[in-house]
Amino acid sequence: MSEENDHFRQRVFHIVAAIPYGKITTYGDIALLAGSPRAARQVGGVLKRLPKDSKLPWHRVINRKGEISLVGGDYVRQKTALQAEGIRFNRQGRVDLAKYRWQYAKN
DNA sequence: ATGGTGACTCGGG
DNA sequence: ACCCGAGCCACCA
């Protein structure tokens, strides 16, 4: 295994940190950028175990359906944070991916 | 070392 | 569009 596979978590941190204000991305996209297209699930795992004092904008990560994967108080916290950035949720608690999705392609 | 787990996805029906 | 079953795979006990 090349060092590419090492520090998956490290890569996730770096990618999440790059998501701009007012934009969102999916677990799958992060997995892809991190070099493990099939590890979307693990991305969630990494975020789940983020240290409480982390400054990462973890709230900008949602699932492929455009909805928040968290539940309970965590769900509310994430939704509130996103709305504070101007992201609108539809009646079914979903955001317009085409509109807010962060496209890594730039420069 | 080994096996279980889940903040996910995709493909069918 | 919704529900489900089945892969996936880094991480943790």
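- An OP1 or OP2 oxygen of dA10(C) is reached within less than 4.0 angstrom by no side-chain nitrogen or oxygen of Arg11(A).
- Between Phe8(A) and Ala34(A), the closest heavy-atom pair is CE1-CB, 3.8 Å.
- Across all strands shown, Gly45(A) has no heavy atoms under 4.0 Å from either base or sugar-phosphate atoms.
- Regarding Arg9(A), its CZ atom lies at a distance of 13 Å from the P atom of dA10(C), rounded to whole Å.
- If you check distances only, the side chain of Arg49(A) never reaches the base of dG6(B) with a donor-acceptor pair under 3.5 Å.
- Base engagement by Arg41(A) is indicated by at least one non-hydrogen atom pair under 4.0 Å involving a base atom.
- Note on Ser36(A): a side-chain N or O is less than 4.0 Å away from OP1 or OP2 of dA10(C).
- Contact between the side-chain N/O atoms of Gln42(A) and the OP1/OP2 oxygens of dA7(B) is not found at any separation under 4.0 Å.
- Residue Glu67(A) is classed as having no contact, given no heavy-atom separation below 4.0 Å to the nucleic acid.
- Atom CG of Asn63(A) and atom P of dC8(B) are 7 Å apart (whole Å).
- Among the atoms of the strands shown, only primed sugar atoms or phosphate atoms (P, OP1, OP2) are found under 4.0 Å from some heavy atom of Arg94(A).
- Straight-line distance from the CD atom of Gln92(A) to the P atom of dC2(C): 6 Å, rounded to whole Å.
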